[in-house]
Amino acid sequence: MDKEIYKLTDDIFASNLIHPGEMIKDEIEERGITQKKLAEETGISVTVLNEVLNGKRAVTVEYALLLEAALGIDAEIWIRQQARYNKQKALTDQSFIKRLSKVRQIASVL
């Protein structure tokens with residue numbers, strides 16, 4: 001994964017957006033569990049699980065709970081990590097930043 005710096009606010013920067021799927025992928029690899037086996041255990045299709053693990057699909061609450069049951073890692077960890085990822089991702093979108101700034105300007109006048 002390439003190291004990139006993402007501006008979160010004027011004075012706060014984050015290095016590397018980390019999708020929770022990447023962390024889950026590392027965890028199952030460390031445990032020697034294949035994606036196919038985890039998909040079978042959780043009832044998540046192999047394709048969907050692969051997309052989650054590769055950061056192409058969000059870790060939903062349902063997926064987090066299924067992963068908690070299979071891996072014994074609290075679903076809250078995955079849910080919070082996904083929310084942080086989503087927030088960081090939004091704050092790197094320049095068109096969204098402009099929109100956000102405009103809303104803040106309007107709100108400050110009210």
Side-chain angles (χ1 to χ4, degrees):
M1 180 167 49
D2 292 334
K3 204 131 173 107
E4 295 183 41
I5 303 297
Y6 297 94
K7 183 175 181 178
L8 301 180
T9 67
D10 286 338
D11 58 345
I12 298 175
F13 295 83
S15 62
N16 288 348
L17 283 172
I18 300 174
H19 189 278
E22 293 179 51
M23 297 168 64
I24 297 163
K25 188 176 189 177
D26 289 345
E27 182 65 29
I28 67 170
E29 287 174 358
E30 182 66 29
R31 294 182 186 202
I33 302 170
T34 65
Q35 289 183 28
K36 183 178 178 183
K37 179 69 174 166
L38 184 59
E40 289 170 0
E41 289 178 9
T42 59
I44 302 170
S45 82
V46 174
T47 302
V48 169
L49 180 61
N50 182 268
E51 290 174 353
V52 169
L53 299 180
N54 288 305
K56 297 177 182 176
R57 184 183 290 254
V59 176
T60 65
V61 171
E62 291 84 3
Y63 296 156
L65 290 167
L66 291 166
L67 292 165
E68 177 183 71
L71 302 173
I73 299 172
D74 190 342
E76 278 293 315
I77 292 170
W78 309 128
I79 295 164
R80 278 187 263 127
Q81 182 65 23
Q82 184 68 56
R84 281 192 298 271
Y85 175 84
N86 293 348
K87 181 180 177 184
Q88 287 179 328
K89 191 78 169 160
L91 292 174
T92 64
D93 179 339
Q94 290 306 307
S95 65
F96 180 74
I97 294 297
K98 288 177 186 175
R99 182 177 168 196
L100 192 59
S101 178
K102 186 176 180 178
V103 170
R104 286 182 175 145
Q105 288 174 351
I106 294 167
S108 70
V109 175
L110 299 177

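From a predicted model like this one, the values you see are computed outputs, not experimental measurements. The figures here come from the full heavy-atom set of this structure, side chains too, leaving out hydrogens, waters and symmetry mates.
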Can you measure from [atom1] ([X]) to [atom2] ([Y]) and round to the nearest 0.5 angstrom?
X: Lys102; Y: Arg99; atom1: NZ; atom2: CZ; result: 10.0 Å
X: Arg84; Y: Leu17; atom1: CZ; atom2: CG; result: 12.5 Å
X: Leu53; Y: Ile44; atom1: CG; atom2: CD1; result: 8.5 Å
X: Glu29; Y: Thr34; atom1: CD; atom2: OG1; result: 11.0 Å
X: Ser101; Y: Gln105; atom1: OG; atom2: CD; result: 4.5 Å
X: Lys98; Y: Gln94; atom1: NZ; atom2: CD; result: 7.0 Å

Item to check | With Glu51 via side-chain hydrogen bond (donor to acceptor under 3.5 Å, both in side chains) - residues at least two apart | outcome: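 Result, side-chain hydrogen bond (donor to acceptor under 3.5 Å, both in side chains) vs Glu51: Arg57.
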
Least distance between heavy atoms, [X] atom then [Y] atom:
X: Ser45; Y: Ala39; result: C-CB, 4.2 Å
X: Ala90; Y: Phe96; result: O-CD2, 3.4 Å
X: Thr42; Y: Ala70; result: CG2-CB, 3.8 Å

Same cluster or not: [X] versus [Y], using hydrophobic residues (I, L, V, M, F, W, Y) connected whenever any side-chain heavy atoms lie under 4.5 Å apart?
X: Ile79; Y: Val52; answer: no
X: Leu65; Y: Val48; answer: no
X: Leu66; Y: Ile33; answer: yes
X: Ile73; Y: Val61; answer: no

Checklist entry - Taking the side chain from Gln81 and the backbone from Ile18, do they hold a donor-acceptor pair closer than 3.5 Å? => result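 Yes, because the side chain of Gln81 sits within donor-acceptor range (under 3.5 Å) of the backbone of Ile18.
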
Checklist entry - Are any of the side-chain heavy atoms of Lys25 and Asn54 separated by less than 4.5 Å? => result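 Yes - at least one pair of side-chain heavy atoms lies under 4.5 Å apart.
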
Next on the checklist: With a 4.5 Å cut-off on side-chain heavy atoms, are Leu49 and Ile24 touching?
Outcome noted: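 Of all side-chain heavy-atom pairs linking Leu49 with Ile24, none is under 4.5 Å.
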
Checklist entry - Can you name the residues that form a side chain to side chain contact (heavy atoms under 4.5 Å, CB included) with Gln82, not counting sequence neighbours? => result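 With neighbours one apart ignored, the set is His19, Pro20, Ala58, Val59, Tyr85, Asn86.
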
Checklist entry - Do other residues, nucleotides or ligands put more than 12 heavy atoms under 6.0 Å from the CZ atom of Arg31? => result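 More than 12 heavy atoms, drawn from other residues, nucleotides or ligands, come within 6.0 Å of this atom.
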
Checklist entry - Can a donor-acceptor pair be found between the side chains of Lys56 and Asn50 at a distance below 3.5 Å? => result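 Absent: no donor and acceptor within the cut-off.
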
